[in-house]
Amino acid sequence: CSSKLLLSQVHPMWQEPLAIPGGDRQSPIDIVVRKSVFDPQLKPLKVQYDPRTCQQIWNNGYSFLVEYNDTTDKSTLKGGPLEDQFRLCQFHFHWGENNTWGSEHSIDRHLYPAELHLVHWNSDKYSLFEEAVIEDNGLAVIAVFLKVGKRHEGLQKLVDALPAVRHKDSVVEFTKFDPACLLPENIDDYWTYAGSLTTPPLTEAVTWMVMKQHIEVSHDQLAVFRSLLFTSAEEQQQRSMVNNFRVQQALKGRTVRSSFT
Ligand SMILES: NS(=O)(=O)c1ccco1
Ligand SMILES: [Zn+2]
């Protein structure tokens with residue numbers, strides 16, 4: 001997908017850009033469970049991913065993106081809070097330097113060591129990711145928390161490819177990967193709220209769906225994430241790619257809905 005155009009225009013997110021004009025739906029946030037509102041009208045999520053649309057892994061200088069061919073409706077998301085059909089563009093992770101923190105969202109202030117984001121754009125209304133990224137119902141991101149525990153067999157194929165994209169701007173071909181293997185068994189229980197991208201341009205275009213159930217990965221698998229670098233091969237100073245999460249943002253009166261009681 002063409003998220004590269006978007007991401008290559010941005011500054012490292014830790015230098016938070018100047019105030020976002022009228023930013024009243026920014027992400028990430030802390031989800032206060034007792035303040036979330038059960039919405040019985042929320043439907044189950046319908047995920048249909050085709051592993052054949054998987055194309056490459058790209059180190060964009062602050063995460064690694066697994067990019068999918070989004071020129072047809074082969075890998076799609078609908079249902080849940082979504083009115084339209086959304087196309088999978090890429091997935092990536094955010095993680096910490098240790099297992100104490102790393103996720104962007106938190107549940108009652110509980111942080112996880114990492115968080116997976118599956119990024120989709122509204123293909124009923126727009127024809128390109130870049131168009132959808134500036135519209136208020138343009139994007140849908142599924143967030144899944146990672147916990148350190150048993151090895152994730154499906155993730156290992158991805159982990160084994162990471163040394164090939166150690167440096168910023170490196171790309172490696174990566175095919176036939178089914179991102180559904182990274183979803184928890186239960187995707188019917190989630191929180192959803194109106195938010196933004198957590199990396200610049202921070203556009204307020206995202207319907208977030210944060211899964212209640214986490215997945216488990218091993219300590220060694222997470223250590224390979226931390227072996228990646230923010231810096232390109234040319235740069236003198238190598239910096240480990242860790243703590244690539246944004247600071248949490250004010251809720252500004254938003255309601256977080258839950259699909260479960
Ligand atoms: N981290 S995220 O999923 O909000 C994202 C996708 C593209 C840019 O930022
Ligand atoms: Zn993300």
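A quick note: this is a predicted structure, and the numbers were derived from the prediction, not measured. Here, residue 1 is the first one in the sequence, and each next residue gets the next number.
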Neighbour count above 12 (heavy atom, 6.0 Å) for [X] [atom1]:
X	atom1	answer
Glu83	CD	no
Lys43	NZ	no
Arg254	CZ	yes

Could you state the interatomic distance from [atom1] ([X]) to [atom2] ([Y]), rounded to the nearest 0.5 Å?
X	Y	atom1	atom2	result
Ser63	Gln90	OG	CD	8.0 Å
Ser103	Leu116	OG	CG	12.0 Å
Tyr62	His92	OH	NE2	9.0 Å
Thr53	Asn69	OG1	CG	7.0 Å
Asp30	Arg109	CG	CZ	4.0 Å
Leu162	Lys157	CG	NZ	12.5 Å

Can Asp50 and Lys74 be counted as an ion pair, charged N to O under 4.0 angstrom?
no
Note: Asp84-Lys125 ion pair, threshold 4.0 Å (strictly below)
yes
Under 3.5 Å donor-acceptor, [X] side chain and [Y] backbone:
X	Y	result
Gln248	Ser27	no
Gln55	Glu173	no
Ser218	Arg151	no
Thr198	Arg246	no
Asn243	Glu97	yes
Arg87	Leu77	no
Gln221	His152	yes
Lys252	Gly23	yes
Thr192	Met209	no
Ser259	Leu42	no

Is there a side-chain hydrogen bond (donor to acceptor under 3.5 Å, both in side chains) between Glu216 and His214? Walk through the geometry before answering.
CA-CA 7 Å; Glu216 278 193 24; His214 61 264; 4.6 Å; no
Under 6.0 Å between ring centres: does that hold for [X] and [Y]?
X	Y	result
His105	Tyr193	yes
Trp191	Phe260	yes
Phe93	Phe64	yes
Trp101	His94	no

Mind checking whether [X] and [Y] sit in one hydrophobic cluster, side chains of I, L, V, M, F, W, Y counted as touching below 4.5 Å?
X	Y	answer
Val32	Met211	no
Ile57	Leu229	no
Ile134	Leu139	yes

Take Leu197 and Val119, measure what side-chain contact (heavy atoms from CB on, under 4.5 Å) needs, and give me the verdict at the end.
CA-CA 10 Å; Leu197 295 178; Val119 182; 5.5 Å; no
Are [X] and [Y] close enough that a side-chain donor and a side-chain acceptor fall under 3.5 Å?
X	Y	result
Asn59	His167	no
Glu115	His117	yes
Ser232	Asp169	no
Asn244	Trp95	no
Arg25	Gln249	no
Gln56	Glu67	yes

What is the minimum heavy-atom distance between [X] and [Y], and which atoms define it?
X	Y	answer
Ala205	Ala132	CB-O, 4.0 Å
Leu45	Pro81	CD2-CD, 4.3 Å
Gln26	Leu202	NE2-O, 3.1 Å
Ser36	Ser258	OG-CB, 4.2 Å
Tyr126	Gly138	CE1-CA, 3.8 Å

Given Leu182, which partner from the list Val217, Leu155, Leu146, Val144 fulfils the side-chain contact (heavy atoms from CB on, under 4.5 Å) test?
Leu155
Can you classify the ring geometry of His120 versus Tyr49 as parallel (below 30°), tilted (30 to 60°) or perpendicular (above 60°)?
parallel
Among residues at least two apart in sequence or on other chains, which ones pass side-chain contact (heavy atoms from CB on, under 4.5 Å) with Thr76?
Gln48, Asp73, Gln85
Determine, stepwise, if the pair Asp189 / Gln213 fulfils side-chain contact (heavy atoms from CB on, under 4.5 Å).
CA-CA 7 Å; Asp189 291 358; Gln213 191 178 45; over 6 Å; no
Side-chain contact, heavy-atom cut-off 4.5 Å: [X] with [Y]?
X	Y	answer
Trp58	Val165	no
Phe86	Ile142	no
Leu222	Val148	yes
Ile31	Asp108	no
Phe129	Cys89	yes
Pro44	Tyr190	no
Asp70	Leu88	no
Leu158	Val66	yes

Could you walk me through whether Val33 and Ile107 pass side-chain contact (heavy atoms from CB on, under 4.5 Å), step by step?
CA-CA 7 Å; Val33 173; Ile107 307 299; 3.4 Å; yes
One pair to check against salt bridge (Lys or Arg N to Asp or Glu O under 4.0 Å): Asp39 and Arg257. What are the steps and the verdict?
CA-CA 6 Å; Asp39 181 350; Arg257 290 180 288 163; 2.8 Å; yes
Stacked cation flag Lys212 on Phe145, 6.0 angstrom / 45 deg:
no
Run the numbers on Leu82 and Thr207 for side-chain contact (heavy atoms from CB on, under 4.5 Å), then give the verdict.
CA-CA 8 Å; Leu82 306 172; Thr207 297; 3.9 Å; yes
